[in-house]
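Throughout, residue positions are numbered sequentially from 1 according to the sequence presented.
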Amino acid sequence: MEKKKFYITTPIYYPSAKLHIGHTYCTVSADAMARYKRLQGCDVMFLTGTDEHGQKIENKAKEAGVTPKEFLDNIVAGPKGVLDLWKLMNISNDRFIRTTDDYHCAAIQRIFKKMYDKGDIYKGSYKGKYCTPCESFWTESQLVNGRCPDCGREVHDAEEEAYFFRLSKYADKVQDLLENTDFLQPRSRVNEMVNNFIKPGLEDLCVSRTSFSWGIPVDFDPGHVVYVWVDALSNYITALGYQNDRYDDFEKYWPCDVHFVGKEIVRFHSIIWPAMLMSLELPLPKHVYGHGWLVIDGGKMSKSKGNVVDPYPLAEMFGVDALRFFLLRTFPFGTDGNFSNELLIKTINIDLANDLGNLVSRTVAMVEKYFDSTLPAGQEDADADADLIGMVSGLRDRYEDAMERFQFQDALEEIFKVIGRANKYIDENMPWALAKDESKKARLAAVMYNLLETVRVCGTLLIPFMPETADKIFARIGADETCRTWDNAAVWGVLPKEATVVKGDALFPRIDEEKALEELDALREAQMKAALPAVETEPLTEENVDFDTFCKSDLRAVKVKACEAVKKSDKLLKFTLDDGSGTDRTILSGIHHDYEPEDLIGKTCVAILNLPPRKMMGIPSCGMLISAVHKEHGEEKLHLLMVDDSIPAGAKLC
Ligand code: MSP
C-alpha cells in the first residue's frame with residue numbers, strides 16, 4: 001500500500017537577530033510532529049531553512065564589514081550557526097532551503113513573472129513615510145510617535161516606482177477560507193485576521209523595492225528587487241521543485257499538510273500566502289498553525305533587556321532531550337508561554353528524573369534483582385492489573401487525538417498520567433513484599449512484566465519528543481524494533497514474556513536547582529559582558545579643585561529653542577537656548593557626529609553659563625553644554641546631558 005504523505009514546514013529563520021530559544025521552540029515542535037508522522041508510517045517531508053534577503057541583512061553585513069553572502073554563510077554554516085543548532089537539537093529535517101540558493105532565486109523570478117503575466121502584479125508608485133538613514137518606507141501606522149520605528153529619527157513623505165500584487169482581488173476568497181474552513185488554527189487566530197486585516201479593507205501589496213539591492217532582481221525590470229516576503233513564502237514550493245528542476249517532488253508533497261508559524265507571522269501565511277497561491281492557481285496548504293511565543297516575565301525577549309535565552313548552554317547542561325521535552329510539555333502550543341530556568345529545572349526534576357526516570361530504573365533494577373534480569377512466566381491477576389492495562393491500551397488513541405490537533409502538551413500529559421499510574425501500581429503491588437515469598441514469584445513476574453509493557457508503550461510514544469531517550473529505554477527493557485512500532489503501541493503484551501533487561505545509568509539525574517541556577521546566571525552575565533562594546537572612559541583627575549572655585553561655576557538647566565548645523569563644520573551645532581533670563585543665548589557644541597539637530601529641539605539640557613564668550617567659525621558661543629564622553633572601539637562618543645523636562649529653564653544646578 002502506498003504510504004500516506006505528510007509535508008510539514010517551519011518558518012525560515014531570518015538571520016538578523018541571534019537564534020534563540022523561541023526559534024528553537026518552533027523548530028523542535030515541527031520536528032516532533034514530523035517524527036510522529038514517521039512513527040505512524042507516513043512518507044514525511046520536513047522542510048526548514050533560512051530567509052536571507054532584505055535590507056536588514058544588507059545593513060548587518062555592512063556593519064560587519066563583509067559581503068551579505070559572507071555574513072550569511074557564517075550564520076548558517078559557521079560555528080554555532082543555524083545548521084549546528086539544528087544538528088545539536090536533533091532536528092530531522094529532510095530538506096534545508098536557503099533563499100539565496102540559485103534554484104530558488106530563478107524560481108522566484110518565474111513566479112513573479114507568472115503573476116505579472118496574469119495581471120495580478122502591476123506597476124504603480126509607492127507612497128509612504130521614508131526614513132533616509134534607514135532607507136526604509138513605513139506606513140503611518142508603523143511609525144512610533146510619528147518617527148521611524150527602527151531608529152527613532154524623523155521621516156518624510158516620499159514616493160517610488162514599485163510593483164503591486166492585487167491582494168484586494170482575493171480578499172473575499174481568503175475571508176471565506178479563514179471563516180469557513182479549518183485552514184487557520186487555532187481558531188482564535190481567525191477573528192484577529194478577519195477583523196484586523198480583511199474587514200478594514202485589504203490593500204494591494206507592494207512587492208518590489210528599488211531602495212536597496214540585496215534581493216532577487218525582477219528580471220524584466222532591473223533596479224527592482226522582489227519583496228522579501230514574496231521570496232520567503234515561496235520557499236515552501238520552490239524547495240519541492242516548483243518552477244525549478246533542482247527537486248522534483250512538488251506533485252508528490254504539495255499541498256502542504258501544515259505550516260507551523262509564530263503568531264506574528266500568521267498574517268503573511270493566512271492572507272498573503274493563500275492569495276499568492278490562488279493567483280498561481282495552486283492548491284492551498286491544508287493548515288497553518290499559529291503558535292504562541294516564549295516570553296520572559298511576560299515580555300518579549302530582547303537584546304536590550306539582555307534576556308535573550310541561548311539554547312546552547314541549556315542543551316549542554318541538561319541534555320538535548322530534556323530541553324526538547326520541556327518546550328513541548330510545559331506550554332500549550334497555541335498560546336504564549338513564560339520561559340524560566342526555574343521552570344525548566346523543575347520540569348526535568350519532576351517529570352523526567354522522578355516520574356519517568358524512576359519508573360524505568362526501579363522496574364529494570366527489580367527485574368535484575370529478583371529474576372537475574374530475565375523474567376519467568378508470570379501469573380496474572382485481572383482485578384489488580386485491569387486499571388493499568390486499560391489505561392495503557394487506550395493511551396495511543398488518546399495521544400493520537402492530541403497530536404492530530406497539534407496539542408503536544410496534551411499528548412505528553414496522557415503519557416505522564418500513565419507513568420504516574422504505573423508508579424502507583426508499584427506501590428499497590430509492593431514487589432519487594434512479593435519477592436520475600438517464594439510462592440508469589442509468578443505473581444511478581446507478572447507485575448514486572450506489566451511495568452515493562454507500560455514502559456514500552458510510553459517509550460514508543462515518546463520517540464517524537466525524546467528520540468535518544470526512547471532508544472535508551474528500549475535498550476534497558478530489551479525491546480527490539482518490532483516492539484516499538486506505532487501499531488504495537490496500541491497492543492498489550494508485545495514484549496516477549498521472557499523479557500531480558502539491561503541496567504544502565506539514571507536516564508535523567510536529578511538537578512541541583514540552586515547550583516544550576518547560579519551557573520546559568522554566571523554564564524548569562526559573562527555573555528552580556530562579552531557582548532558589550534569595548535568602552536573606555538577617562539581616568540579620574542587626581543588634582544582637587546577648591547570648593548569656592550567650583551561654586552563659582554554657574555550651571556543651569558537650559559531649553560533648546562532651535563538647533564542647526566553650523567555651515568562648513570561637520571561637528572558643530574548651533575543652539576538657541578532659553579536660559580530663564582528672557583534673552584536667547586547661543587552656544588555652539590561639537591556634537592553633530594552623535595546627534596541630528598532636529599532631534600534636540602525642546603530638550604532640557606545642562607550648560608555652564610559664566611564662561612567667557614568664545615568665537616567658533618565666526619559665531620560667538622556664550623557658555624558650554626555639558627556632555628558625557630567615552631570611547632567605543634577607540635572612537636569618541638558624546639552624550640548630551642539631558643534632564644527632566646519638568647525642570648524650568650534657568651534652574652540652577654548645585
Ligand atoms: N523569516 C520569517 C519567516 C518567513 S517564513 C516564509 C521570520 N523569521 S524569524 O527568524 O524572525 O522567526 C522565525 C520563527 O521563530 C517565527 O515563526 C517566529 O514566530 C519564531 N519566533 C521568534 N521568536 C519567538 C519566540 N520568542 N517564541 C516563539 N517563537 C518565536 O519570521
Side-chain angles (χ1 to χ4, degrees), residues 32-33 35-41 321 324-325 328-329 351-352 354-367 375 378 380-382 384-404 407-426 428-429 431 445-502 504 507-508:
M33 198 66 205
R35 286 178 185 270
Y36 156 70
K37 284 290 166 183
R38 287 191 202 109
L39 180 64
Q40 279 189 326
D321 274 0
R324 288 173 58 107
F325 171 81
L328 299 175
R329 162 78 165 140
D351 285 346
L352 298 182
N354 251 8
D355 294 354
L356 173 65
N358 269 345
L359 174 64
V360 176
S361 64
R362 283 161 91 191
T363 305
V364 169
M366 287 190 285
V367 175
L375 285 182
E380 275 143 37
D381 176 341
D385 301 340
D387 192 38
L388 177 69
I389 296 177
M391 261 182 105
V392 176
S393 305
L395 175 61
R396 197 201 72 174
D397 289 351
R398 295 192 300 279
Y399 168 95
E400 183 177 23
D401 176 61
M403 292 298 279
E404 291 300 317
Q407 293 309 306
F408 305 109
Q409 193 191 33
D410 293 352
L412 285 166
E413 178 60 21
E414 291 298 337
I415 298 177
F416 275 75
K417 272 190 209 153
V418 169
I419 291 172
R421 182 67 191 86
N423 277 321
K424 196 168 147 221
Y425 177 83
I426 297 179
E428 286 165 358
N429 288 281
V447 168
M448 288 296 122
Y449 182 81
N450 292 342
L451 291 169
L452 289 177
E453 264 299 86
T454 305
V455 169
R456 176 187 66 82
V457 172
C458 292
T460 307
L461 301 179
L462 283 171
I463 293 173
F465 299 93
M466 298 191 287
E468 283 180 358
T469 303
D471 275 349
K472 281 189 199 161
I473 292 175
F474 297 136
R476 305 271 157 93
I477 63 168
D480 64 16
E481 291 291 332
T482 55
C483 298
R484 342 169 166 176
T485 62
W486 176 251
D487 286 346
N488 279 337
V491 180
W492 181 261
V494 170
L495 263 186
K497 294 284 173 204
E498 290 79 33
T500 299
V501 302
V502 181
L507 290 176
F508 295 97

How would you list, by chain and number, every residue that makes a ring pair (Phe, Tyr, Trp, His ring centres under 6.0 Å) with F465, sequence neighbours excluded? none

Check ring pair (Phe, Tyr, Trp, His ring centres under 6.0 Å) between F325 and all other residues, then give those that pass, not counting sequence neighbours. F416

Under a plain distance cut-off of 3.5 Å, with no hydrogens placed, do N488 and R456 share a side-chain donor-acceptor pair? no

Under a plain distance cut-off of 3.5 Å, with no hydrogens placed, do D487 and T485 share a side-chain donor-acceptor pair? no

Taking side chain as C-beta onward, heavy atoms only, is [X] less than 4.5 Å from [Y]?
{"X": "T363", "Y": "T454", "answer": "no"}
{"X": "T469", "Y": "L352", "answer": "no"}
{"X": "P431", "Y": "I426", "answer": "yes"}
{"X": "D351", "Y": "R329", "answer": "yes"}
{"X": "M466", "Y": "L356", "answer": "yes"}
{"X": "L507", "Y": "R476", "answer": "yes"}
{"X": "F474", "Y": "I463", "answer": "yes"}
{"X": "R398", "Y": "L395", "answer": "yes"}

So, are D471 and R484 salt-bridged, with charged N and O less than 4.0 Å apart? yes

For Q40, does the CD atom sit with more than 12 other heavy atoms under 6.0 Å from it, leaving out its own atoms? yes

Step-by-step side-chain contact (heavy atoms from CB on, under 4.5 Å) determination, R396 to T460: CA-CA 9 Å; R396 197 201 72 174; T460 307; over 6 Å; no

In chain order, what residues pass the side-chain hydrogen bond (donor to acceptor under 3.5 Å, both in side chains) check against E481, with sequence neighbours excluded? none

